[in-house]
Amino acid sequence: MTAQREVLSTEEYTSEVVALVTAPVASEVVDTAAALGRVLAQDARAAGDVPAFANSAMDGYAVRAADLADDLPARLRVVADLPAGSPDDPALAAGECARIMTGAPVPTAADTVVPVELTDAGDHEVLVRELSRGGAGAHVRGAGEDLAAGDLVLPAGTLLDPAALGALAGTGVATVRVRRRPVVGVLATGDELVTGGGPLRRGQIHESNGVLLAAAAREAGADVVTGPPVPDEVDAFTARLDELTASCDLVVLSGGVSVGTYDVARIVLGDAGSGTFRHVRMQPGKPQGHATWRGVPVLAFPGNPLSAAVSWQLFGRAVLAALTGTAAPAWGTAVAGSAWSSPPGRRQLVPVATTTDAAGRLVATPAHQRGSASHMVTALARSDALFAVPQDVTDVRPGDVHPLMRF
């Protein structure tokens, strides 16, 4: 007879599974340009001043403000032409200026840039009609104005997206130390699972959890090891678990975690591993399990498709974040876009499609008429977030504000 399971909140269970990770994965140095989707393992600091030199923020003329202080309009002699990338640093005597393009170095003798729009755009002599509102120093980007050499560009734990890579490259950071990609093993269990499409016999279903979990792990920055579904048979399950834990940092499995006679994940992990099985106050995804197998964390999710997907969003992503040293996925808030009922005593996690209303509020509307029914495999395809209804709320009304997690 199966012992009664301890019941935990989602927060309590998240803390429990994150504690399976004793340290982040190892780090390595890679070229910045090849680091998309990686996580910084140490702070990245500017290699030099940014900008590296005083440069022009406008197309116009580099001038000495003192030459224009007394009387405008004024005529100045144009003694140099400075395109972006020019190494020249022309001397400027009284009454002289240099034509300059955006990004070009401002001559040492100049302190101000007059935009071409405030002049007659002369080539050898220019009429300056007025100065910008900034007066002396206008339109000059000072050396080190953005960052000084050694300043922090991005802290350890930053997930490197295209904007982050641009910031690193722009500050002279050619290589970065990042976490290696965690390796996640994905294992779907069940005699009823069939891959490859085609007709089904009575009692069979198309396997989808392994496909979804593998894709979700890859999208989150992991390398993935997967294979065909494993039947509800102890020896086959144990052998596959041994194979995966030999090369993976985390194993995620679906199916066989409830209290049934043939729930092979519970039987094997509970008997031969350090398996812990809980009931979590959530709907869908109430039965959950975790273990350490050959030193590798194992997360055991329910087999119903929506339950497995929601479990990954809450628990799989949190464990993967611990492996890479990043922050766990954050919750925001949104307002309900329609009315529906929620089960008492459990946090309802509803796949929703989000929009923005006229007041600028994020509005969440259930993506499927069945809400969070655990077997609704198509619900996630229409959604972009999870809307969390607290366990003490049984009726959701339009305009109610509750937590939301983006996929």
Side-chain angles (χ1 to χ4, degrees), residues 2 4-18 20 184 186-190 205 208-217 220 250-260 263 265-266 269 275-291 297-321 328-329 331 340-352 364 366-368 370-381 383 385-393 402-407:
T2 303
Q4 186 172 358
R5 295 184 176 184
E6 184 175 356
V7 181
L8 301 180
S9 68
T10 56
E11 291 84 2
E12 289 169 333
Y13 191 70
T14 300
S15 296
E16 203 168 85
V17 296
V18 168
L20 298 172
V184 176
V186 174
L187 174 59
T189 69
I205 62 172
S208 63
N209 289 349
V211 174
L212 181 144
L213 292 171
L250 169 67
V251 173
V252 177
L253 60 90
S254 68
V257 301
S258 194
V259 296
D263 285 330
R266 188 205 75 243
L269 294 176
T276 300
F277 290 85
R278 307 293 197 198
H279 280 159
V280 182
R281 294 188 187 93
M282 58 187 282
Q283 192 269 330
K286 178 181 177 182
Q288 296 286 335
H290 64 78
V298 178
L299 300 182
F301 296 155
N304 279 314
L306 190 54
S307 297
V310 168
S311 299
W312 169 262
Q313 292 297 326
L314 266 64
F315 311 128
R317 289 176 66 189
V319 173
L320 198 61
W331 288 89
W340 70 88
S341 60
S342 182
R346 286 197 281 171
R347 176 177 295 180
Q348 187 187 40
L349 296 152
V350 183
V352 293
H368 197 283
R370 295 292 300 276
S372 58
S374 61
H375 64 292
M376 302 307 298
V377 67
T378 60
L380 286 174
S383 61
L386 286 178
F387 193 67
V389 182
Q391 65 185 45
D392 59 349
V393 175
H402 294 304
L404 179 131
M405 178 189 286
R406 294 280 196 181
F407 291 152

I need the [X] [atom1] to [Y] [atom2] distance, nearest 0.5 Å.
X    : Y    : atom1 : atom2 : value
L20  : L250 : CG    : CG    : 9.0 Å
D392 : R347 : CG    : CZ    : 10.0 Å
Q288 : R5   : CD    : CZ    : 9.5 Å

Holding to side-chain hydrogen bond (donor to acceptor under 3.5 Å, both in side chains), I want the full list of residues that pass it with [X], two or more places apart in sequence or in another chain.
X    : answer
S342 : Q348
Q313 : R317
T14  : none

Stepwise side chain to side chain contact (heavy atoms under 4.5 Å, CB included) check, L314 with L386: CA-CA 10 Å; L314 266 64; L386 286 178; 3.9 Å; yes
E6: what forms a salt bridge (Lys or Arg N to Asp or Glu O under 4.0 Å) with it, not counting sequence neighbours?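 Checked E6 against salt bridge (Lys or Arg N to Asp or Glu O under 4.0 Å); matches are R278.
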Any non-hydrogen side-chain atom of L306 less than 4.5 Å from a side-chain atom of P351?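 L306 vs P351: side chains touch.
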Under the 3.5 angstrom rule, does the side chain of [X] hit a backbone N or O of [Y] as a donor-acceptor pair?
X    : Y    : answer
S307 : P284 : no
T189 : S254 : yes
R346 : M282 : yes

Least distance between heavy atoms, [X] atom then [Y] atom:
X    : Y    : value
V257 : P287 : CG2-O, 3.8 Å
P403 : W331 : CB-CE3, 3.7 Å
F315 : T10  : CE2-O, 3.8 Å
N209 : P302 : ND2-O, 4.2 Å
A388 : H402 : O-CB, 3.3 Å
L320 : A220 : CD2-CB, 3.5 Å

Applying the side chain to side chain contact (heavy atoms under 4.5 Å, CB included) criterion to V184, which one of V252, L299, V319 satisfies it?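 Running side chain to side chain contact (heavy atoms under 4.5 Å, CB included) over V252, L299, V319 with V184 returns exactly one hit, V252.
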My understanding is that only residues two or more places apart in sequence, or in another chain, count here; which of them pass side-chain contact (heavy atoms from CB on, under 4.5 Å) with A216?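 side-chain contact (heavy atoms from CB on, under 4.5 Å) check on A216 returns W312.
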Sole residue of F301, F277, Y13 in ring pair (Phe, Tyr, Trp, His ring centres under 6.0 Å) with H290: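 Considering F301, F277, Y13, a ring pair (Phe, Tyr, Trp, His ring centres under 6.0 Å) with H290 is found only for Y13.
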Taking ring pair (Phe, Tyr, Trp, His ring centres under 6.0 Å) as the test, write out the residues that go with H279, two or more places apart.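 Partners of H279 under the ring pair (Phe, Tyr, Trp, His ring centres under 6.0 Å) test: none.
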